[in-house]
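Counting starts at 1 for both ligands and their atoms, in listed order.
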Amino acid sequence: MLDAIARKIDSGERLSAEEGEYLYRPEVDLHVLGRLADRVRRRKNGTIAWYNVNAHLNPTNICAYRCPLCAYSRDPGEAGAYVMSADEILARGQEADEAGATELHIVGGIHPALGYGWYLEIIGSLHRAFPRLHLKAWTAAEIAWLAESTGRPVRAVLEEMVAAGLGSLPGGGAEIFHPAVRRQIAPRKIDAETWLAVHRAAHELGLRSNATMLFGHLETAAHRVDHMLRLRALQDQTGGFQAFIPLAFHPDGARLGDLRRPGSLAILRTVAIARLLLDNFDHIKAYWISLGVGTAQVALGYGADDLDGTVRHESIHHEAGSQAPEALLIEDLRGLIAETGYEPVERDTLYRPVRRHGTRWEATG
Ligand code: V47
Ligand code: SF4
């Protein structure tokens, strides 16, 4: 079957769910799979591997959902619960802007009491103060919550956010779409259909977005393939997704039982299969905070073309036991990429190449 799959890949034919599941079988040689994925990766991105200069902002960890997969969230009043003040939020924006970041990635908990105005003002205040920073903000879960709690359509919430300065949507909250898994790892979170509807609405407004998949917990290969194919189907209709981002589950502090985090080989297999199944996605991102720096670097030869960013102030994976450093320097990212033989190219959030002189930058193309 692998030979037939290789022929399909070479002629640009789409793989089926059955073929995707077959590629997860242990007898399929990971490195052969990796070489196939690398061929597709080179077709789409040539010899370039992308990175960006960004920072994270998690304005509150108080969350009404308390998903069993999550080690980051807290109940109101619980030890460690926080809500950032408007000044702290602006200070984070200023720090990112002064460091030459092109993007601020903003996600947090579903706060039961703060309300729509608070979420909208975070975008508005940051955009007014730092208009060059691209605000990649709010997962579909947050957008759907804001729509539901205010009785507004999702589209109206997105339009108001865009008017305030929203630049694109990150890919979080997708987890595993299949309800048999979703009800165990994130029972209160929006279902697959709602997640996809929010991204569809965003794409219809001309916003770009990403898509994640959290793997390495209770799901099977069939669930992963089902997840990717649901994304592929929406991408066929809208073309609005930029990158697919496989996220390796970190069990420390999460309430999902005694699970082990996926090892490097399992991670590389998922990266490669994603590259082969998601023929209509331009980019596969190896998010080093989640995959580990070493595995993310190797993933560039197994189908991934993007390492994500310098990532300052990330909390979600670090709270769940990620041993990855707090941030990487531009030289670290460039060095990691150069060692693989690919050419490091800085991008902005929309994958335009960036010309940089220290902290001054401009997007080209
Ligand atoms: O949706 C939560 C995941 C996601 C854990 O769009 C966990 O460019 C592992 O979506 N172990 C948020 N993962 C992060 C995210 C993201 C990251 C980088 C880039 C982009 C992008 C998006 O983190 C959540 C959830 O799936 N997560 N808890 C955990 N214990
Ligand atoms: Fe809340 Fe997101 Fe954590 Fe779920 S994963 S508890 S929605 S912060």
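Put simply, Cys63 gets within reach of atom 1 (Fe) of ligand 2, with an N, O or S atom under 2.8 Å from it.
Here the protein heavy atom with the shortest distance to atom 28 (N) of ligand 1 is Leu69 CD1, 3.3 Å. Among all protein heavy atoms, the one lying closest to atom 22 (C) of ligand 1 is His105 CE1, 3.4 Å. Scanning the protein for heavy atoms near atom 3 (Fe) of ligand 2, the closest one is Cys70 SG, 2.4 Å. For atom 6 (S) of ligand 2, the closest heavy atom belonging to the protein is Cys67 N, 3.1 Å. Among protein heavy atoms, atom 6 (O) of ligand 1 sits closest to Gly171 N, 2.8 Å. When hydrogens are left out, the protein atom nearest atom 5 (S) of ligand 2 is Lys189 NZ, 3.5 Å; that is the closest non-hydrogen contact. Protein heavy atom closest to atom 30 (N) of ligand 1, with residue, atom name and distance, is His250 O, 2.8 Å.
The shortest heavy-atom contact between Ala248 and Ile267 is CB-CD1, 3.9 Å. Between Glu19 and Ile5, the closest heavy-atom pair is CB-CD1, 3.9 Å. Looking at every heavy atom in both residues, Leu277 comes nearest to Ser16 through CD2-O, 4.0 Å. Trp145 and His111 get closest at one heavy-atom pair: CZ2-O, 3.6 Å. Closest non-hydrogen pair, Phe281 versus Ala211, comes out as CE2-CB, 4.3 Å. Taking each heavy atom of Ala37 and Arg275 in turn, the nearest pair found is O-CG, 3.5 Å.
Below 3.5 Å of separation, one finds no N or O of Leu247 facing any N or O of ligand 1. For ligand 1, one of its N or O atoms has an N or O atom of Lys136 under 3.5 Å away. Ligand 1 has a nitrogen or oxygen under 3.5 angstrom from a nitrogen or oxygen of Gly172. Taking any N or O of Asn210, backbone or side chain, at least one lies under 3.5 Å from an N or O belonging to ligand 1. Considering backbone and side-chain N/O atoms, Thr212 never comes within less than 3.5 Å of an N/O atom of ligand 1.
Aromatic ring orientation, Tyr82 versus Tyr72: perpendicular (interplanar angle above 60°, classes split at 30° and 60°). Ring geometry for His31 versus Tyr302: interplanar angle over 60°, hence perpendicular rather than tilted (30 to 60°). Using the six-membered ring where Trp is involved, His199 and Trp195 have ring planes that are parallel, under 30° apart on the 30 and 60° scheme.
Close approach of ligand 1 to Ala320 is summarised as follows: ligand atoms under 4.0 Å from at least one heavy atom of the residue are 29 (C), 30 (N). Less than 4.0 angstrom separates some heavy atom of Ile316 from each of these atoms of ligand 1: 2 (C), 23 (O), 27 (N), 28 (N). Within ligand 2, the atoms closer than 4.0 Å to a non-hydrogen atom of Arg66 are 6 (S), numbered from 1 in the order shown. Atoms of ligand 1 lying under 4.0 Å from any heavy atom of His317, numbered from 1 in the order shown and given with element: 7 (C), 9 (C), 13 (N), 23 (O). Near Gly173, meaning under 4.0 Å from one of its heavy atoms, ligand 1 places the atoms 1 (O). Close approach to Glu175 involves these atoms of ligand 1, each under 4.0 Å from a residue heavy atom: 1 (O), 24 (C), 25 (C), 26 (O). Near Leu214, meaning under 4.0 Å from any of its heavy atoms, are these atoms of ligand 1: 7 (C), 9 (C), 13 (N). If you number the atoms of ligand 1 from 1 as listed, the ones under 4.0 Å from a heavy atom of Ile245 come out as 6 (O), 8 (O), 19 (C), 20 (C), 21 (C).
Neither the backbone nor the side chain of Val107 has a heavy atom within less than 4.0 Å of ligand 1. Contacts between Pro170 and ligand 1 below 4.0 angstrom, taking non-hydrogen atoms only, involve backbone and side chain alike. At a 4.0 Å heavy-atom cut-off, ligand 1 touches Tyr287 through the side chain alone. Under 4.0 angstrom from ligand 1, there are no non-hydrogen atoms of Ser290.
Exactly one residue among Leu247, Thr212, Asp306 makes a side chain to side chain contact (heavy atoms under 4.5 Å, CB included) with Tyr287. That residue is Leu247.
A cation-pi geometry, defined here as NZ or CZ lying under 6.0 Å from the six-membered ring centre and within 45° of its normal, holds between Arg41 and Tyr342. Geometrically, Arg269 does not engage Tyr24 in a cation-pi contact defined by less than 6.0 Å to the ring centre and at most 45° from the axis. With Tyr351 as the aromatic partner, Arg347 meets the cation-pi criteria of under 6.0 angstrom to the ring centre and within 45 degrees of the ring axis.
Heavy atoms of Glu319 come nearer than 4.0 angstrom to ligand 1 in no pair at all. Using 4.0 Å as the threshold, Thr139 has no heavy atom nearer than that to any atom of ligand 1. Put simply, no part of Ala243 is less than 4.0 Å from ligand 1, judged by heavy atoms.
Put simply, NE2 on His56 and NZ on Lys136 are 6.0 Å apart, with the number rounded to the nearest 0.5 Å. We find the CZ-CD distance between Arg200 and Gln235 to be 11.5 Å, quoted to the nearest 0.5 Å.
Using a distance-only test at 3.5 Å, with no hydrogens or angles considered, no donor-acceptor pair links the side chain of Asn45 to the main chain of Ile48.
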